[in-house]
Every structure is written in structure tokens, then in C-alpha cells.
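Everything on this sheet refers to the single structure shown next.
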2 protein chains.
Amino acid sequence: MMSEYFREQLKEKGLKVTPQRVAIYEAVVELKNHPTAENIIEYISKIHPNISVGTVYKILDTLVEHHLLNKVKNEKDVMRYDAVMKKHHHLYCEETDKIADFDDPELDHIISDYFTKKKIKGFKIKDISLQITGEFKNK
Amino acid sequence: MMSEYFREQLKEKGLKVTPQRVAIYEAVVELKNHPTAENIIEYISKIHPNISVGTVYKILDTLVEHHLLNKVKNEKDVMRYDAVMKKHHHLYCEETDKIADFDDPELDHIISDYFTKKKIKGFKIKDISLQITGEFKNK
DNA sequence: TTTCTAAAGGAGAATTATTATCTTTGCGGA
DNA sequence: TCCGCAAAGATAATAATTCTCCTTTAGAAA
């Protein structure tokens with residue numbers, strides 16, 4: 001089962017493996033497109049009608065805190081979540097409010113090269129992420 | 001006076017020049033470090049005690065909509081505003097939650113060059129902005 | 001300058017997303 | 001299997017923002 005790894009991760013970090021946590025993690029994976037808490041709640045409520053809203057928020061926080069999920073914010077106001085933990089960039093569509101992951105090691109390399117040569121004075125860089133806004137072409 | 005340009009801009013866009021709008025714009029300029037609505041409200045209330053909270057939000061929205069201010073998002077929850085309209089990147093400090101503007105035409109050039117050669121399939125890029133997280137070194 | 005009217009502002013209620021509190025439940029070690 | 005504490009449930013509270021409704025005012029026109 002695909003969430004076996006997730007269960008392992010929970011144990012490793014000393015967190016209890018609960019059906020709620022597994023369900024929410026699976027929801028984020030399943031929903032893919034960077035769901036909001038609301039999206040997750042809606043999805044969850046169909047399968048596990050008795051998981052409460054507060055619990056969803058609490059679990060999302062816990063998982064973000066322990067680096068099992070990522071938090072992303074969009075131009076609008078709400079927080080969104082992502083199960084892809086690998087460092088990556090984001091493509092935003094302003095119109096449809098869609099977010100897609102974007103990964104490009106070559107670009108990362110170019111940028112990190114650049115900042116190796118040219119430091120920002122008074123600032124120590126930990127991470128760089130690109131927000132690429134534009135629009136998705138419908139194929 | 002420095003807000004002369006702002007008044008001109010309002011007129012040009014068919015917006016009325018009101019003392020509230022001028023005051024709020026000046027507050028954002030004055031406060032510099034990407035103030036939140038709350039920061040602005042606090043600042044404003046000292047000078048113009050009778051500008052109401054709802055008005056501040058309404059005016060911020062209007063000005064963002066007409067590109068007289070920018071909205072900046074961070075991983076935390078609140079929106080922040082910026083009077084610097086020139087395209088630029090942001091430096092974020094995770095610890096102190098500070099944001100600084102970062103401008104680097106050379107870097108922009110490198111990145112836009114890169115994407116001229118290597119398109120993202122299914123996506124039309126309109127704008128790229130970097131979020132550089134890390135920490136400010138105290139001089 | 002005065003008048004007129006749509007646009008803008010004021011006050012505070014309403015909404016929305018999120019967090020906190022407090023009680024109950026159940027995971028997982030002994 | 002039992003027990004203790006972490007976690008879940010229910011719901012109240014909070015915070016940021018938006019909405020509603022009514023009043024005021026900027027600025028165009030007379």
C-alpha cells in the first residue's frame with residue numbers, strides 16, 4: 001500500500017499512526033492540485049464523515065511541521081497543501097487559480113551558480129523558489 | 001510634494017482623489033517594510049483617527065487592482081503591501097518574518113534567456129519572481 | 001459658485017478561515 | 001490486556017477581511 005511509507009515516517013518522528021492522519025495524507029496525495037484545507041475537508045467528509053474540521057487543520061499543521069507536507073500560498077488568500085516534498089517551483093495561473101509543480105534541475109543549477117559568484121550583501125540564502133505566473137494552454 | 005504623482009495616477013485612472021486614499025498610499029510608502037493592513041491601520045489611526053478599518057481594506061484593494069500598490073504574500077497568513085511597483089524579487093527572513101525587496105537585472109536576464117531557449121510545455125509565462133528565503137545578517 | 005450625483009467613506013455586522021479549549025477516545029508500549 | 005498520554009471530537013473563540021447600508025464628498029456641469 002502506498003501510504004506504508006507515510007506510516008513509517010510517522011513512527012520515525014514519534015507521531016502516532018492514526019486513521020485520521022493517514023486519511024488526510026492520502027487525501028492530499030489524491031487531490032493532487034495543491035488542495036486547500038477546505039478541499040481536503042470536503043474530500044475527507046465523503047470517506048470519513050466523522051473527522052472534524054479542527055482535526056484536519058491540526059493534522060495539516062502537524063504534518064507541515066514535521067515536513068511530511070508542504071504549505072503553499074497563492075495570490076488569493078488561502079493556504080494550500082502539497083505532498084510533494086522535493087524542492088520545486090510553482091507555476092501559477094492567475095485566471096484559473098491553478099497551481100502546478102515545476103521542477104528543473106538545470107535552472108536550479110544556473111541560479112545557484114549565479115549566487116555563488118554574486119552574494120547578496122547582508123543576507124544568507126537558504127532557499128530559492130520561483131513563482132512563475134502565466135497561463136496554462138489548453139491542449 | 002511626493003504624492004503629487006500618486007494624485008495624478010488616480011485622476012488618470014478615473015479614480016477620485018480623496019484624503020483617505022492619499023493618506024493610505026503615503027502610509028505604505030512611509031512604512032516601507034511591506035506593511036500589513038494592520039500596520040497601516042495603526043499608522044493611519046494616529047494621523048487620521050477617523051479613517052475606518054473597512055475603508056483601509058477597500059482602498060488597498062482598489063489600489064492593488066489599479067496597480068498603484070502591490071500585494072506581497074508570505075508563507076504566514078497575512079497579506080502585505082508594497083508601494084514599489086517596479087518588478088522585483090523578495091528576500092524573506094523566516095525567523096523575523098522580515099521582507100526586503102531585491103532587484104537584479106543581470107539575474108533577470110539570465111533567467112529570461114533560459115526560458116527563451118527552454119519553454120515550459122503547456123504554459124505561457126507572464127512573469128517570474130523569486131522568493132529567496134534565508135536570514136538577514138546583523139551588520 | 002452652487003448644484004447634482006455617482007463614487008467613496010463610515011460604522012459596525014457578517015463571514016471565513018483558522019485556532020483554542022476542554023472532554024473523550026484510542027494508539028501503542030508495558 | 002491495560003494504562004497513560006497523545007490525539008481526536010465538538011464547539012467556542014479569534015482574527016482578518018468583506019459586506020451592508022447609510023451618509024458624505026469629489027468633482028463635473030450648470
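Residue numbers start from 1 in every chain, and the chains themselves are labelled A, B, ... in the order their sequence lines are given, proteins ahead of strands. The figures here come from the full heavy-atom set of this structure, side chains too, leaving out hydrogens, waters and symmetry mates.
Taking side-chain N and O atoms only, B/Q20 has no distance below 4.0 Å to OP1 or OP2 of D/dT25. Between A/Y57 and C/dT19 there is no side-chain N or O to OP1 or OP2 distance below 4.0 Å.
A salt bridge is absent between B/K87 and B/D103; no separation between the charged side-chain nitrogens and carboxylate oxygens falls under 4.0 Å.
Within 4.0 Å (heavy atoms only), A/T18 reaches sugar-phosphate atoms of the nucleic acid but no base atom.
Following rounding to the nearest Å, B/K71 (NZ) and D/dT18 (C1') show an atom-to-atom distance of 11 Å. A straight line from NZ of B/K11 to P of C/dA7 spans 18 Å, rounded to a whole angstrom. Following rounding to the nearest Å, A/I59 (CD1) and C/dG26 (C1') show an atom-to-atom distance of 13 Å. In this structure, A/K58 places its NZ atom 8 Å from P of D/dG9, rounding to the nearest Å. Spacing between atom CG of B/D61 and atom P of D/dA16 amounts to 16 Å, rounded to whole angstrom units. A/N39 has its CG atom 11 Å from the P atom of C/dT18, to the nearest Å. Taking atom NZ of residue A/K16 and atom C1' of nucleotide C/dC27, one finds them 5 Å apart after rounding to whole Å. Rounding to whole angstrom units, CD1 of residue A/I41 and P of D/dG9 are separated by 12 Å.
Comparing atom distances between the B/A37 side chain and each of C/dT18, D/dG9, D/dT17 picks out D/dT17 as nearest.
Relative ring orientation between A/Y25 and A/F6 is described as parallel, the plane-to-plane angle staying below 30° on a 0-90° scale split at 30° and 60°.
Each of B/G54 and B/R21 was assigned the nucleotide of DNA chain C with the nearest heavy atom; the assignment lying further toward the 5' end belongs to B/R21.
With contacts defined as side-chain heavy-atom distances shorter than 4.5 Å, the pair A/K16/A/R21 qualifies.
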What do the steps show when you test A/D113 against A/T116 for side-chain hydrogen bond (donor to acceptor under 3.5 Å, both in side chains), and what is the final call?
CA-CA 5 Å; A/D113 254 22; A/T116 309; 5.0 Å; no
